[in-house]
Asker: 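Below you will find the structure I want to go over with you.
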2 protein chains.
Amino acid sequence: MKRGPRGKTRYEIFAYVKSRLKEGNPPTIREVQEAFHLKSVQTARVHLNTLVKENKLMKIPGIARGYRLTKDRHAAQATFIPVLGNVHAGDLNLACEEIECYIPVNQQHTNVELFALRIEGDSMIGQGILPGDTAIIRKQPSAAKGDIVVVLVEGEASIKTYDTDNGKIVLRPENPKYDPIYPDSDRYRILGKVIEIRRCLG
Amino acid sequence: MKRGPRGKTRYEIFAYVKSRLKEGNPPTIREVQEAFHLKSVQTARVHLNTLVKENKLMKIPGIARGYRLTKDRHAAQATFIPVLGNVHAGDLNLACEEIECYIPVNQQHTNVELFALRIEGDSMIGQGILPGDTAIIRKQPSAAKGDIVVVLVEGEASIKTYDTDNGKIVLRPENPKYDPIYPDSDRYRILGKVIEIRRCLG
DNA sequence: CTTTAATGAATACAAATGTATGCTAATATA
DNA sequence: TATATTAGCATACATTTGTATTCATTAAAG
């Protein structure tokens with residue numbers, strides 16, 4: 001291969017490896033070699049090892065396809081959670097038909113089950129939650145005073161602020177147009193807590 | 001290895017491979033073998049190939065570490081974008097020191113540059129944008145009527161609704177407490193457009 | 001222009017890894 | 001209990017892939 005200015009090929013190789021790693025498909029040295037039409041494996045290998053020295057890549061020696069991004073470039077892992085178009089009353093099992101799409105969340109909460117719902121109506125507008133917003137919900141059967149929760153009352157799922165008034169449960173909409181609900185303790189069920197709101201604009 | 005009930009080991013192997021693939025680290029057959037204390041490579045290989053037959057995995061034959069998740073399990077790719085704590089006036093170069101953290105976004109917009117800002121103040125409360133929210137911004141030098149934009153006026157970056165009034169630019173806060181700005185055309189610069197708002201609760 | 005260090009190549013070898021065949025024994029089912 | 005199917009093992013071999021050595025050439029720097 002014709003020789004380019006110093007570092008240029010290596011820079012391009014880095015971009016190539018990075019994209020390969022992002023798609024979960026770590027390349028072999030020879031694949032890098034072929035991708036850049038280098039006539040020798042060693043050329044590719046020297047470039048990759050230089051990238052390791054520059055701390056742009058790291059390497060697990062000996063094993064096949066052992067080049068990785070440096071730890072601090074990883075940032076974090078993302079998980080995809082399903083956005084449910086509508087909540088069927090009763091059970092909240094994530095049947096595939098109800099899944100609108102998937103959105104990425106930061107994977108700190110490893111073992112908790114998350115899902116998302118599309119907000120309908122303006123009942124929470126006082127908390128800046130608008131119709132069309134996406135609410136990310138952590139499944140849990142209980143809540144603390146002040147939490148915004150997804151709650152099932154009379155077979156109907158909705159989003160309310162969970163509050164208590166003299167030991168009695170209050171489910172409070174955040175809109176003066178609507179009245180708070182004082183459900184009997186066996187007439188409601190908390191499905192989860194809203195931990196994040198997302199809104200896409202234009 | 002002692003034999004378990006049918007399919008159990010395979011189910012566990014699938015989970016193992018899945019997690020390996022998620023972290024971008026595809027396993028070899030022998031690594032699967034060792035992870036499950038199987039005494040023969042072939043045992044692991046048969047399990048993996050069965051998972052392929054069951055359409056839970058796919059395989060690139062011949063190459064090392066060639067097992068992948070089936071396409072439809074991929075869902076989508078996520079990219080991480082930086083959240084900037086504060087915008088330095090003038091240039092919006094993402095110096096590392098200003099980066100608070102990274103958040104995941106759906107990677108549809110491959111070639112556009114995204115970043116995120118923490119919202120300060122209540123000037124956009126009328127649009128349900130509260131202090132502490134995270135705004136995701138697409139870098140762009142212009143905007144359309146009605147877009148919510150990050151704009152630099154007098155060396156100060158802020159978020160406003162972009163509007164026009166008889167051909168003159170209006171930068172409108174969404175809060176009656178604040179007045180709209182009518183900047184001279186050479187006294188402001190659009191840094192980007194807000195394409196998403198996120199708010200973390202509790 | 002001269003020197004130096006980086007780039008690229010040719011080749012060989014060793015280790016990692018995928019593949020194949022034949023066998024034993026446990027599980028599930030009738 | 002008898003039988004078919006599945007799980008697991010042992011071993012051998014082929015291919016892929018990482019590693020090492022040596023040399024030629026050119027871009028960059030003084």
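Quick note: numbers below take in every heavy atom, side chains included, and nothing from hydrogens, waters or symmetry partners. Numbers restart at 1 for each chain; the letters A, B, ... are given by sequence-line order, proteins then strands.
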Asker: Given atom CD1 of B/Ile13 and atom C1' of D/dA7, what is their separation to the nearest angstrom?
Answerer: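 It works out to 10 Å between those atoms.
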Asker: Let me know the distance between CG of A/Leu51 and P of C/dA6, rounded to the nearest Å.
Answerer: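 Value for this atom pair: 14 Å.
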Asker: Figure out the CZ/C1' separation between B/Arg20 and C/dT17, and round it to whole Å.
Answerer: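 Spelled out: CZ on B/Arg20 to C1' on C/dT17 is 14 Å.
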Asker: Tell me: CG of B/Leu48 to C1' of D/dG8, nearest whole Å?
Answerer: 14 Å
Asker: If only side-chain N and O atoms of A/Thr9 are considered, is one of them under 4.0 Å from the OP1 or OP2 phosphate oxygen of C/dG8?
Answerer: yes
Asker: Could you tell me the separation between the NZ atom of B/Lys39 and the C1' atom of C/dC23, rounded to a whole number of Å?
Answerer: 16 Å
Asker: Grab the NE2-P distance between B/His47 and D/dA7 for me, whole Å please.
Answerer: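 Rounded to the whole Å, the gap is 5 Å.
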Asker: What residue pairs, at least two apart or across chains, pass salt bridge (Lys or Arg N to Asp or Glu O under 4.0 Å) with a residue in residues 143-153 of chain B?
Answerer: B/Lys145-B/Asp163, B/Asp147-B/Lys193
Asker: Can you list everything that forms a salt bridge (charged side-chain N to carboxylate O under 4.0 Å, His left out) with B/Arg199? Sequence neighbours excluded, please.
Answerer: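 Applying salt bridge (charged side-chain N to carboxylate O under 4.0 Å, His left out) to B/Arg199 gives B/Asp133.
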Asker: Could you run through nucleotides 13-19 of chain D and give me one letter per nucleotide, 5' to 3': B if any protein heavy atom sits under 4.0 Å from the base, S if only the sugar-phosphate is that close, - if neither?
Answerer: ---SBBB
Asker: Please enumerate all residues that pass side chain to side chain donor-acceptor pair (under 3.5 Å) together with B/Glu174, with sequence neighbours excluded.
Answerer: B/Thr161
Asker: If I take atom CZ in residue B/Arg10 and atom C1' in nucleotide C/dA28, what distance separates them, rounded to the nearest angstrom?
Answerer: 14 Å
Asker: Does one side chain, of A/Arg68 or B/Asn25, offer a donor that lies under 3.5 Å from an acceptor on the other?
Answerer: yes
Asker: Apply side chain to side chain donor-acceptor pair (under 3.5 Å) to A/Tyr182 and list each qualifying residue two or more places apart in sequence or on a separate chain.
Answerer: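 Checked A/Tyr182 against side chain to side chain donor-acceptor pair (under 3.5 Å); zero matches.
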Asker: Atom CZ of A/Phe36 and atom C1' of C/dT7: how far apart are they, to the nearest Å?
Answerer: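 The distance from CZ of A/Phe36 to C1' of C/dT7 comes to 15 Å, rounded to the nearest Å.
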Asker: I'd like to know if B/Thr43 reaches the base of D/dA7 with its side chain such that a donor and an acceptor end up less than 3.5 angstrom apart.
Answerer: no
Asker: Run the side chain to side chain donor-acceptor pair (under 3.5 Å) test against A/Tyr188 and tell me which residues pass, sequence neighbours left out.
Answerer: none
